[in-house]
Amino acid sequence: MGRGRRRPDRRTSPGRLLHPDHHRPAGTAPRSRPVTEEPPAIRTRGLSKSFGEHQAVCGVDLTVRPGEVFAFLGPNGAGKSTTISMLCTLSRPTAGGATVAGADILTQPHRVRARIGVLFQHSALLPELSLARNLQLRARLHGLSRAQARHRTAHALRLVGLDDRRRDPVRTLSGGLRRRLDIARALLHGPRLLFLDEPTVGLDPPARAELWRHLRTLRTEEGITVFVTTHYLDEAEHCDRLAIIDHGRIAAEDRPDRLKAALGRATIRLRTSDDTKAARTLHEAHGLRPHADPGPDGTLTVPVADTASWLPRLCATLSDRGLQVHSAVATSPTLNDVFFHHTGRHIS
Ligand SMILES: Nc1ncnc2c1ncn2[C@@H]1O[C@H](COP(=O)(O)OP(=O)(O)OP(=O)(O)O)[C@@H](O)[C@H]1O
């Protein structure tokens, strides 16, 4: 079909700005969209990937709702990058499938790519060119006119708070600012869904916090769905929902507060003179089920109904049996506890 006769893609037409609310006045709230009326931003069914004998991703079922910030939390080697590369159509599943931004990753990969923005760990910016030039070149590669490229560049730089640096060479940016520019670059073609693979690796805490502030702005002001992989618990804590992936399988999926509440119990972490004996003693004396955390600095985690009454009882019981308690820390459930509960180990 000739170029002039092709029907413009409703979502990727260069004449359209970043989202359906683009003509709303700056500073006003985005149009509310009832979650139930919209199809999921991502839905996977039995998504799997094997490398030879090794199953990197095993039957992942996942639903990400439009407009939410969704964290994919897991330790190194859990299968996060492999999952994201299948969702972005960079690699094919060996079983199962998914729809992403309303398109099928197996049968409509070109549509998926047109509707998503992707940020991998390696930046593709040209260091000697200015911020604006980098983005304009990218926008032109997306097929936009000069005027559209300028317009989208200005908008994307504003979104990530870099408009005042637009004329500076990229090489003058700190790591955190470069990551923000990477985000702006991924937004140029107006995606409704942004994938970020470990976007804060190598950044110091203030730069991480600032990057997250901008990611949340994308959600609240632009309605963009954000799917982010991380192994930082504090980052997952501030997402709308998260999935824990371990050994290629989804171990849990929910809102952070619900995942913590579902544990239902506080814990007491003990360091004792003999954790194995202490675990057995507490089980025999009180019917408790302590978990020994492996490793040289391991602790004994004891789930209890409430820490205030149990802490003195545990210490008294252990002391009666000749065990020394070197330290005892009472805590309410954290995401680390949630991760431990579902995977049997702590995330490092
Ligand atoms: N191309 C490949 N060939 C063989 N094995 C692979 C390949 N890519 C990934 N794997 C393996 O699949 C598993 C999942 O890897 P993946 O990179 O998805 O994990 P990850 O959770 O993203 O970890 P990281 O945080 O370290 O990037 C690992 O055991 C990894 O070694």
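Sequence positions, counted from 1, serve as the residue numbers for this chain. For ligands, and for the atoms within them, numbers begin at 1 and follow the listed sequence. The shown structure was predicted, so the numbers you read here are calculated from the model rather than taken from an experiment. Quick note: numbers below take in every heavy atom, side chains included, and nothing from hydrogens, waters or symmetry partners.
- Judged by distance alone, with hydrogens and angles left aside, the side-chain atoms of Thr225 form no donor-acceptor pair with the main-chain N or O of Ala41 at under 3.5 Å.
- Below 4.0 Å from some heavy atom of Ala78 lie the following atoms of ligand 1, by number and element: 19 (O), 20 (P), 21 (O).
- Atoms of ligand 1 found under 4.0 Å from any heavy atom of Pro75, numbered from 1 in the order shown, are 21 (O).
- Using modelled atom types, one finds no donor on one side chain facing an acceptor on the other under 3.5 Å when comparing Thr99 with Asp104.
- In this structure, atom 16 (P) of ligand 1 lies nearest to the protein heavy atom Thr82 OG1, 3.5 Å.
- In this structure, CZ on Arg179 lies 5.0 Å from CG on Asp182, to the nearest 0.5 angstrom.
- Residue contacts with ligand 1: His231 is excluded, as none of its non-hydrogen atoms falls under 4.0 Å.
- No hydrogens or angles considered: a donor-acceptor pair under 3.5 Å links the side chains of Thr317 and His286.
- By the 4.0 Å N-to-carboxylate-O rule, Arg219 lies close enough to Asp240 to be salt-bridged with it.
- In the candidate list Met86, Lys49, Lys80, Glu198, Lys80 is nearest to atom 21 (O) of ligand 1, counting heavy atoms.
- Using modelled atom types, one finds a donor on one side chain and an acceptor on the other under 3.5 Å when comparing Gln55 with Ser50.
- No hydrogens or angles considered: a donor-acceptor pair under 3.5 Å links the side chains of Thr331 and Thr267.
- Counting only heavy atoms, the protein gets under 4.0 Å from atom 2 (C) of ligand 1.
- Note: no N/O pair closer than 3.5 Å links Thr83 and ligand 1 by distance alone.
- Protein heavy atom closest to atom 30 (C) of ligand 1, with residue, atom name and distance, is His54 NE2, 4.6 Å.
- Among all non-hydrogen protein atoms, the one lying nearest atom 17 (O) of ligand 1 is Ser81 CB, 3.7 Å.
- Look at Gly79 and you'll find a heavy atom under 4.0 Å from some atom of ligand 1.
- Taking distance alone, with nitrogen or oxygen atoms compared against 3.5 Å, Ala56 stays at or beyond that limit from ligand 1.
- Nearest protein heavy-atom neighbour of atom 23 (O) of ligand 1: Gly77 N, 2.7 Å.
- Within the 4.0 Å heavy-atom cutoff, Ser85 does not count among the residues contacting ligand 1.
- One distance of note links CZ of Arg321 with CD of Glu284; it measures 6.5 Å at 0.5 Å rounding.
- The single protein non-hydrogen atom nearest to atom 9 (C) of ligand 1 is Phe51 CE1, 3.5 Å, given as residue, atom name and distance.
- One finds the SG atom of Cys58 at 10.5 Å from the CG atom of Asp246 (value rounded to the nearest 0.5 Å).
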